[in-house]
Colleague: 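Encoded as structure tokens, here's the structure I'll be asking about.
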Amino acid sequence: EQLVLGMYKEPSQTWDRDYDSFILPLLEDLQPCYILYRLDSQNAQGYEWLFISWSPDYSPVRQKMLYAATRATVKKEFGGGHIKDELFGTMKEDVCLGGYQKHIQSRLGPAPLTAAEEELKQIKINEESSSKMVKTEISIQSKHQTMQGIAFPIQESAMTAILLLKERKINYIQMKLDIGKETINLVHTDVTDILDLPKRIPNNAPRYHFFLYKHSHEGDYIESVVFIYSMPGYKCGIKDRMLYSSCKGPLLDVVEQQLQLKVVKKIEIDNGEELTPDFLYEEVHPKQHAYKQAFAKPKGPAGKRGQKRIIKGAGEAENGEDC
């Protein structure tokens, strides 16, 4: 197995006029490929290039995974300094000239902020204002890591596995942090039955798990994606506990918002023994507590309480008599 040259063309016009006539004929409906397209701009190393990863939706899964796994190698061998921009597409509309121009516009615009980022931004504004008022230098670096979380990049093979889970082609994913490289890596995607799930939980290392929980509820067959964060207590160092806890939120943001994988339930456990079928079922479908009507005090018998006593205020009666 090796990467081979499919074809090449010499430029005839400006890069944007040649773009669609050069790129679109190379895109096959079932075959992924890499395309390196030379732009007219230059840097210190020479001409700048656009690196296009084409991976159509209906191509075989094995080919998608092979291309995802070799993408970084291709960039490295070609020379990362020559690549000005990258473009990924599953449809021709994604990688045509119009799609590339939209990509440039979205990249130049401000990135949308999550709720945590909005909160952190407001905290910065408030602290800067307070610092000016009391003339005290305040550092917010310590709060940045705990409130916003740490967004480690997700390894491409792990991203591919999430997409396969979304398509229901696999039913289990296990991930771990590579603290040295600061990435989230795929451990494995072995087929896992609910009875085998406890065996997948390491007893000496933290992990992230995504499990496709297949079950019946009230007569309906349901497939629910459950996220499990396993942390075996104090068997792990404090650095591991802090990093895994901080990376969890940004990882779920990518999975749910960018990759559009719906996670029905998020669970934190110490060990795999907790993951019984009954436990999972009750977590996904918690019991609804019956509504209890508050005690209502009964009304007293009407007309048998006697006349009401009214006390006159000062100045209304001189002798304080009742009436």
Side-chain angles (χ1 to χ4, degrees), residues 61 65 114-116 149-152 154-155 157-177 184-236 240-294:
V61 174
M65 298 187 67
T114 63
I150 303 174
F152 279 6
I154 303 175
Q155 190 185 43
S157 58
M159 293 282 280
T160 302
I162 295 171
L163 294 175
L164 293 176
L165 178 64
K166 181 180 177 181
E167 297 172 1
R168 304 302 193 252
K169 294 182 178 178
I170 59 176
N171 77 328
Y172 174 77
I173 301 172
Q174 185 177 132
M175 299 181 185
K176 69 176 182 178
L177 296 184
I184 300 177
N185 296 351
L186 176 67
V187 179
H188 68 82
T189 58
D190 294 347
V191 177
T192 301
D193 184 79
I194 189 171
L195 297 178
D196 297 327
L197 187 58
K199 302 175 185 177
R200 304 294 189 205
I201 310 300
N203 58 11
N204 58 355
R207 289 289 188 269
Y208 300 133
H209 315 259
F210 291 90
F211 178 62
L212 184 60
Y213 178 37
K214 302 178 181 179
H215 62 287
S216 296
H217 176 62
E218 296 181 350
D220 296 327
Y221 174 75
I222 302 175
E223 294 184 350
S224 305
V225 175
V226 178
F227 172 77
I228 303 168
Y229 166 42
S230 62
M231 172 59 68
Y234 290 92
K235 294 181 181 178
C236 303
D240 287 349
R241 297 200 300 270
M242 292 179 64
L243 285 175
Y244 271 85
S245 177
S246 299
C247 290
K248 178 184 62 174
L251 169 63
L252 289 170
D253 286 343
V254 172
V255 171
E256 295 183 295
Q257 298 178 19
Q258 297 184 22
L259 300 182
Q260 298 295 306
L261 175 61
K262 182 180 180 181
V263 178
V264 173
K265 186 66 180 180
K266 305 172 183 68
I267 303 172
E268 296 187 15
I269 61 171
D270 295 325
N271 57 74
E273 296 177 359
E274 302 176 43
L275 294 177
T276 63
D278 291 340
F279 172 80
L280 271 181
Y281 185 86
E282 291 177 1
E283 287 292 317
V284 175
H285 304 287
K287 294 180 180 179
Q288 300 295 327
H289 296 288
Y291 172 73
K292 295 183 179 180
Q293 186 176 3

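Here the structure is a predicted model, which is why all the values come from computation and not from measurement.
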Colleague: List the atom of Pro206, the atom of Cys236, and the distance in Å for their closest heavy-atom pair.
Modeller: CD-SG, 3.3 Å
Colleague: Is the closest side-chain heavy-atom distance between Ile154 and Leu186 below 4.5 Å?
Modeller: no
Colleague: Do the side chains of Leu243 and Phe152 get nearer than 4.5 Å, heavy atoms only?
Modeller: yes
Colleague: Can you tell me which residue among Glu274, Arg207, Glu268, His209 is in a side-chain hydrogen bond (donor to acceptor under 3.5 Å, both in side chains) with Ser230?
Modeller: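 That would be His209.
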Colleague: Counting only N and O atoms by type, is there a donor-acceptor contact under 3.5 Å from the side chain of Ser216 to the main-chain atoms of Gly219?
Modeller: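 Checked: no pair found.
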Colleague: Is there side-chain contact between Leu261 and Glu256, with heavy atoms separated by less than 4.5 Å?
Modeller: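 No, every pair of side-chain atoms sits at 4.5 Å or beyond.
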Colleague: Mind checking side-chain contact (heavy atoms from CB on, under 4.5 Å) for Val284 and listing every partner two or more places apart, or none if nothing turns up?
Modeller: Tyr213, His215, Ser224, Val226, Val264, Lys265
Colleague: Is it true that atom NZ of Lys199 has more than 12 heavy atoms of other residues, nucleotides or ligands lying nearer than 6.0 Å?
Modeller: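 No, not enclosed.
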Colleague: Does some side-chain heavy atom of Val225 sit less than 4.5 Å from a side-chain heavy atom of Phe211?
Modeller: no
Colleague: Under 3.5 Å, is there a donor-acceptor pair between the side chain of Ser245 and the main chain of Arg241?
Modeller: no
Colleague: Indicate yes or no: at least one non-hydrogen side-chain atom of Met175 is less than 4.5 angstrom from one of Phe210.
Modeller: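 Met175 reaches Phe210 side chain to side chain.
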Colleague: If you look at every heavy atom in Met231 and Tyr244, which pair is closest and at what distance?
Modeller: CE-CB, 4.0 Å
Colleague: Report the distance from atom CD of Glu283 to atom CD1 of Ile267, rounding to the nearest 0.5 Å.
Modeller: 5.0 Å
Colleague: Taking side-chain contact (heavy atoms from CB on, under 4.5 Å) as the definition, give me every residue that meets it alongside Asp193, ordered by chain and number, with sequence neighbours left out.
Modeller: Leu195, Asp196
Colleague: Starting from the C-alpha separation in whole Å, work towards a yes-or-no answer on side-chain contact (heavy atoms from CB on, under 4.5 Å) for Tyr208 and Gln174.
Modeller: CA-CA 6 Å; Tyr208 300 133; Gln174 185 177 132; over 6 Å; no
Colleague: State, with a plain yes or no, whether a side-chain heavy atom of Leu275 is found less than 4.5 Å away from one of Ile201.
Modeller: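 Contact flag for Leu275/Ile201 side chains = yes.
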Colleague: What distance do Cys247 atom SG and Leu177 atom CG have between them, rounded to the nearest 0.5 Å?
Modeller: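 If I round to the nearest 0.5 Å, the distance is 5.0 Å.
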Colleague: If we only count heavy atoms from C-beta on, is the Pro232 to Asn203 side-chain gap below 4.5 Å?
Modeller: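 A side-chain contact under 4.5 Å is absent here.
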Colleague: Show me the side-chain donor-acceptor pairs of residues 163-171 shorter than 3.5 Å, one per line, residues at least two apart or across chains.
Modeller:
unit_1: Lys166; atom_1: NZ; unit_2: Leu259; atom_2: O; d: 2.9
unit_1: Glu167; atom_1: OE1; unit_2: Lys169; atom_2: NZ; d: 3.2
unit_1: Arg168; atom_1: NE; unit_2: Glu223; atom_2: OE1; d: 3.3
unit_1: Arg168; atom_1: NH1; unit_2: Leu165; atom_2: O; d: 3.3
unit_1: Asn171; atom_1: OD1; unit_2: Thr192; atom_2: N; d: 3.2
unit_1: Asn171; atom_1: ND2; unit_2: Thr192; atom_2: O; d: 2.5

Colleague: In terms of relative ring orientation, are His188 and Tyr172 parallel, tilted or perpendicular, with 30° and 60° separating the classes?
Modeller: tilted
Colleague: Starting at CZ of Phe279, measure out to CG of Leu197 and round the result to the nearest 0.5 Å.
Modeller: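 Phe279 atom CZ to Leu197 atom CG measures 10.5 Å (nearest 0.5 Å).
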Colleague: Whether the side chain of Gln260 engages the backbone of Gln257 through a donor-acceptor N/O pair (distance < 3.5 Å, no angle test) should be reported.
Modeller: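 Pair found, side chain donor or acceptor close to backbone of Gln257.
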